[in-house]
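None of the values given here were measured: they were computed from a predicted structure.
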Amino acid sequence: MTEHDVRALQRRLAAFAAARDWEQYHTPKNLAAALSVEASELVEIFQWLTPEESARVMERPGTAHRVADEVADVLAYLLQFCEVLGIDALTALAEKIDRNESRFPVPGRPDPSESSNRHSSE
């Protein structure tokens with residue numbers, strides 16, 4: 001996987017929109033709607049595939065290209081949405097993973113938050 005700088009991509013997207021005078025349309029509501037539409041276009045590719053067919057979708061060049069394009073569209077609108085609202089997408093994701101790790105501990109492993117609470121009450 002190629003590593004790209006998220007902020008640089010956001011700047012490129014903003015410059016692309018600015019050059020075409022599209023910023024006026026890039027409101028949170030419009031970007032959220034566009035994100036939903038693009039995500040639906042991604043779902044459409046998989047709509048009638050069996051689970052086995054969906055697991056092999058990247059083996060067919062034509063379909064792989066469509067999937068990659070829709071993923072790019074979803075990510076582009078998500079990055080633009082984050083830019084408009086001042087959300088650091090990577091920080092938001094890291095914080096969400098932290099919350100999920102606390103909410104859904106690995107079965108059979110002690111929850112670190114419970115042991116610290118137990119020690120603090122002793």
Side-chain angles (χ1 to χ4, degrees):
M1 179 182 285
T2 306
E3 187 175 321
H4 290 281
D5 180 296
V6 172
R7 293 293 303 143
L9 293 171
Q10 285 177 305
R11 286 191 297 274
R12 284 184 66 191
L13 288 165
F16 182 88
R20 290 153 183 82
D21 197 28
W22 291 350
E23 304 110 316
Q24 61 186 318
Y25 307 112
H26 288 191
T27 64
K29 178 192 80 67
N30 288 350
L31 291 168
L35 176 59
S36 176
V37 169
E38 295 300 339
S40 294
E41 290 178 8
L42 180 60
V43 170
E44 182 181 29
I45 297 167
F46 294 88
Q47 185 173 5
W48 302 114
L49 300 180
T50 65
E52 295 78 18
E53 291 169 331
S54 70
R56 295 187 313 272
V57 74
M58 298 307 283
E59 294 172 7
R60 296 178 49 217
T63 307
H65 181 71
R66 287 180 56 214
V67 170
D69 273 357
E70 294 308 332
V71 166
D73 288 342
V74 168
L75 184 56
Y77 279 117
L78 180 60
L79 291 176
Q80 291 173 90
F81 180 81
C82 289
E83 178 74 15
V84 165
L85 291 179
I87 297 169
D88 179 322
L90 298 182
T91 298
L93 177 57
E95 290 172 355
K96 181 66 174 184
I97 292 169
D98 289 344
R99 287 191 303 277
N100 283 344
E101 287 173 339
S102 294
R103 275 184 71 197
F104 306 105
V106 176
R109 288 193 187 161
D111 183 353
S113 65
E114 287 179 10
S115 65
S116 63
N117 288 340
R118 200 176 20 235
H119 294 297
S120 63
S121 63
E122 292 177 342

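- If you take CG on Leu79 and CG on Leu75, they are separated by 4.0 Å, rounding to the nearest 0.5 Å.
- Placement of Leu13 and Val6 within a single hydrophobic cluster is found when ILVMFWY residues are connected by side-chain heavy-atom separations under 4.5 Å, directly or transitively.
- Between the CD1 atom of Ile87 and the CG atom of Leu93 there is a distance of 12.5 Å, given to the nearest 0.5 Å.
- Put simply, OG on Ser102 and CG on Asp98 are 7.0 Å apart, with the number rounded to the nearest 0.5 Å.
- In the displayed structure, Tyr25 atom OH is contacted under 6.0 Å by at most 12 heavy atoms of other residues, nucleotides or ligands.
- A cation-pi geometry, defined here as NZ or CZ lying under 6.0 Å from the six-membered ring centre and within 45° of its normal, holds between Arg20 and Phe16.
- Hydrophobic clustering (ILVMFWY, side-chain heavy atoms < 4.5 Å, transitive): Phe104 and Val106 are in distinct clusters.
- Criterion: ILVMFWY side-chain heavy atoms under 4.5 Å apart, direct or through other members. Under it, Leu90 and Leu9 are part of a common hydrophobic cluster.
- A continuous path of hydrophobic side-chain contacts links Val71 to Leu49 [ILVMFWY only; heavy atoms under 4.5 Å].
- Applying the side-chain hydrogen bond (donor to acceptor under 3.5 Å, both in side chains) test to pairs two or more places apart or on separate chains, those with a residue in residues 75-90 are Arg7-Glu83, His26-Gln80, Asp88-Thr91.
- Atom CZ of Phe81 sits about 9.5 Å away from atom OG1 of Thr27, to the nearest 0.5 Å.
- For Arg60, the CZ atom is loosely surrounded, since the number of other residues' heavy atoms within 6.0 Å does not exceed 12.
- Remark: the backbone N or O of Gly62 is not paired with any side-chain donor or acceptor of Arg66 at under 3.5 angstrom.
- Remark: His65 NE2 to Met58 CE distance equals 10.5 Å, nearest 0.5 Å.
- Distance alone, capped at 3.5 Å, places no donor-acceptor pair between the Ser36 side chain and the Ala32 backbone.
- Val74 and Val37 are members of different hydrophobic clusters when ILVMFWY side chains are connected at heavy-atom separations under 4.5 Å.
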